[in-house]
Q: 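Let me give you the structure first, and then I'll get to my questions.
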Amino acid sequence: MTKFSDLNLNPKVLKAVEEAGYETPTPIQAGAIPPALAGRDVLGIAQTGTGKTASFTLPMITLLHRGRARARMPRSLVLCPTRELAAQVAENFDIYAKHTKLTKALLIGGVSFKEQDILIDKGVDVLIATPGRLLDHFERGKLLLTGVQIMVVDEADRMLDMGFIPDIERIFGLTPFTRQTLFFSATMASEIERITNTFLSNPERIEVARQASASETIAQGVVVFKPSRKDREGSEKRSILRGLIEREGADCRNGIIFCNRKVDVDVVAKSMKKYGYDAAPIHGDLEQSQRTRTLDGFRDGSLRFLVASDVAARGLDIPNVSHVFNYDVPSHAEDYVHRIGRTGRAGREGRAMMISVPRDEKNLDAIENLIQTQIPRIANPLKGDATAPEAEATPEAETPKPTRTRTRSRNRPAASTPAPAPEEAVEQTEATPAQAEPRQEDAAAAPAPETAEPPAEPQKDSAQRGASNRSRGSSNRGRSRRDERDEPVVGMGDDVPSFIAQSFEERMVG
DNA sequence: AAAAAAC
C-alpha cells in the first residue's frame, strides 16, 4: 500500500504529517498528490470527509516551500464557500507547514480588514479566502493576483449552489493563465463541467471510488408524526427531540441538531437551554466571533449540542459526533446526506434521527429515493399522543440495548442521566414571561422521557449491530468512551458510507 | 423555500 513517504513530499511536510499521526494516504490523497506535485491540474471529485484538504495542502506546501512571497502578491490561493471551511483549511495549513517558513493569510468576512491588510502587505505565500472578502480586498487595490502559481477551488458544487460561480470566474480571470489549478467538487453538475473545461488544462481526474458496503456505519431512523394541532407543531417537535435524546442516554455523547431555518435554529437552541441541555446555535446571521467560539467549543467537547443551519452541514471537520438529529426534514435530498455525514465517520458508529411531519412526506420520499434505503420508522418517544396517560412504558420490549446506562424508570431520572432536570422543575424555577416558548410545550413535554417507548433500533444491518453491541459489553460501564472508539483509522480522511461516496447522479440513478 | 457570502 502507498505510504505518505512514497509520495515525494518535501521532508518537512512529511515530518509534520507523521507527527500528526498519519501514515497512509486516503484514495483522494494518493490519487491527487502525485499529479499535483508534477505540476498538473487536478480535478478531484470527492465528498467531504475523504481527506480532500490534505490532498491539496500537502502538495501546495511542497511546491511553494522554496521561494518567498512579495508584498501584496500571494503565491497561491485557496477559495472556499464558507468562512468556517476557510478557517479549517487555514488550520490544516498551519499543521502541515509548521516546519517550513511559509506564511498564510485567512481572508474571510465578518472580521476586520486591518489584520488581513497587514499580512497581505507583508506578503503571504498562501491566501485562503471566501470569494466575497477576497474580491473586496482586490477592489480596494490591496491585492494583486498576478503572482498566483497555484489556485485551489474547494467544494465547487457548493459554490454553485450559493451563486458564487460568477465570482469564481472573475477570480480565475485575475490570476495568470500559467497557474496550476486544483479543483474539487462533490458532483459534476453541467455548470461545474463548463467551468472546469474553461479553466483547467488537461486535468488529471480523480474520482473517489465508492466505499465498500462495510462502511455503512450510520444507523438511521425517522419519527413520523402528526402534530395534535397545527400551532403545536413546533413545541411538540421540540419535545420529541428531547425524548429522542433521552432515549439515547449516555450513548449520545454529543450531537448536531439541524433545522431548515435560522429562526428555528434560534428557537430550538433557546428551548434546549431552557430544558437544561448544553446547546448553542450556529447560523449565518450570528456574529462571526460567536460562530467561531461555538464551533471551537463543540470541537473541544465543552459544548454537547450544536443547533445548526446548513452552514454546518457540509465540509466542516467535526470529528467524534455520536449523533445527528434532523429536527426538520431537509428539502434538498442531498442535504440529508451531507447532514448525517457528520456522524459515523472514520469507521465509527454514528446515529442519525429525523423528525418528519405530514408536510415533509414528499421530501422524505425524495431522500429515501436518493439513498436507495427505507429509513427505519422509529417510535415516537411521546407515543404520538401528548395526552397519553403517564407511565405506560412497556418493559417487555426493553430488549435491544443491554448496555444502556440510561434510566427508564417511571420515577425521576437517575443521577447517571447526564441530561436535564425534569421539565416541571425547570418550569418552576424559571420566570417565563419573556420567553418565546409557548405554554403548550410544557403540556406536550410532560410525558416525554419517562413514557418513551423503547427505542426501536434505528438500525441497518442487524449482524453488524449485534457485533457492535458485543464490543461494548455490559462491563464497559467503567471504560472510557475513547476506548470504544479505538478502531483503526486509515489515512487522514474519514470513511464514509458507500452512498455518500457516490456522485449525486449515481445516487439518483441508483 | 432557505441558507450562505461583502460592506
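Below, all heavy atoms of this structure are taken into account, side chains as well, without hydrogens, waters or symmetry copies. Note that the structure is predicted; figures quoted are calculated from it, not measured. Quick note on labels: first sequence line is chain A, next is B, and so on, each numbered from 1.
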Q: Check the distance between B:dA5's P and A:Phe138's CZ and give it to me in whole angstrom.
A: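 Nearest whole value for this atom pair: 23 Å.
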
Q: Hey, does A:Arg359 reach any base, or is it just sugar-phosphate, or nothing, if we go heavy atoms under 4.0 Å?
A: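 Answer is nothing: A:Arg359 stays at 4.0 Å or more from every strand.
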
Q: Can you tell me if A:Glu361 has over 12 outside heavy atoms packed within less than 6.0 Å of its CD?
A: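 No, because the 6.0 Å sphere around CD of A:Glu361 holds 12 heavy atoms or fewer from other groups.
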
Q: Tell me: CG of A:Leu135 to P of B:dA5, nearest whole Å?
A: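 Rounding to the nearest Å, CG of A:Leu135 and P of B:dA5 are 15 Å apart.
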
Q: In whole angstrom, what separates A:Ile171's CD1 from B:dA6's C1'?
A: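 These atoms are roughly 12 Å apart.
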
Q: Considering non-hydrogen atoms only, spot the tightest contact between A:Phe199 and A:Thr181 and give its length.
A: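 Shortest heavy-atom contact: O-OG1, 3.9 Å.
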
Q: Do any side-chain nitrogens or oxygens of A:Thr130 fall under 4.0 Å of OP1 or OP2 in B:dA6?
A: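 Result: yes.
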
Q: A:His338 has an atom NE2; how far is it from atom P of B:dA3, in whole Å?
A: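 The distance from NE2 of A:His338 to P of B:dA3 comes to 17 Å, rounded to the nearest Å.
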
Q: In whole angstroms, how far is the C1' atom of B:dA6 from the CD atom of A:Gln116?
A: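 These atoms are roughly 11 Å apart.
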
Q: Pick out which of A:Ile195, A:Thr196, A:Val153, A:Ile192 makes a side chain to side chain contact (heavy atoms under 4.5 Å, CB included) with A:Ser185.
A: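 Option passing the side chain to side chain contact (heavy atoms under 4.5 Å, CB included) with A:Ser185: A:Ile192.
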
Q: Would you mind reading off the distance between A:Met162 atom CE and B:dA1 atom C1', rounded to a whole angstrom?
A: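 After rounding, the gap between these two atoms is 16 Å.
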
Q: Select base, sugar-phosphate, or nothing to describe what A:Asp136 touches, counting heavy atoms under 4.0 Å on all strands.
A: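 Counting heavy atoms under 4.0 Å across all strands, the contact made by A:Asp136 includes a base.
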
Q: Under 4.0 Å between a side-chain N/O of A:Arg83 and OP1 or OP2 of B:dA6, yes or no?
A: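 Yes.
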
Q: According to a strict under-4.0 Å criterion, is A:Ser309 in side-chain N/O contact with OP1 or OP2 of B:dA4?
A: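 Yes.
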
Q: Once you round it to whole Å, what is the distance between C1' of B:dA4 and CG of A:Leu286?
A: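 Atom-to-atom, A:Leu286 to B:dA4, this comes out as 13 Å.
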
Q: Quick one: A:Tyr327 OH to B:dA2 P, roughly how many Å, whole number?
A: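 Taking OH of A:Tyr327 and P of B:dA2, I get 16 Å after rounding.
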
Q: Classify the nucleic acid contact of A:Gly110 as base, sugar-phosphate or nothing, counting any heavy atom under 4.0 Å across all strands shown.
A: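 Counting heavy atoms under 4.0 Å across all strands, the contact made by A:Gly110 is with sugar-phosphate only.
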
Q: Output yes when at least one side-chain N/O atom of A:Arg170 is less than 4.0 Å from OP1 or OP2 of B:dA6, else no.
A: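 It does not, given that no N or O in the side chain of A:Arg170 lies less than 4.0 Å from OP1 or OP2 of B:dA6.
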
Q: Has A:Arg342 got its NZ or CZ under 6.0 Å from the middle of the six-membered ring of A:Phe258, at an angle within 45 degrees of the ring axis?
A: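 Negative - A:Arg342 is either too far from the ring of A:Phe258 or too far off its axis.
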
Q: Using only heavy-atom distances, decide whether a donor-acceptor pair under 3.5 angstrom links the side-chain of A:His332 to the base of B:dA3.
A: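 No.
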
Q: Select base, sugar-phosphate, or nothing to describe what A:Ser331 touches, counting heavy atoms under 4.0 Å on all strands.
A: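 If one applies the 4.0 Å heavy-atom cut-off, A:Ser331 turns out to touch a base.
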
Q: For A:Arg70, does the CZ atom have more than 12 heavy-atom neighbours from other residues, nucleotides or ligands under 6.0 Å away?
A: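 Atom CZ in A:Arg70 is not packed in, count stays at 12 or less.
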
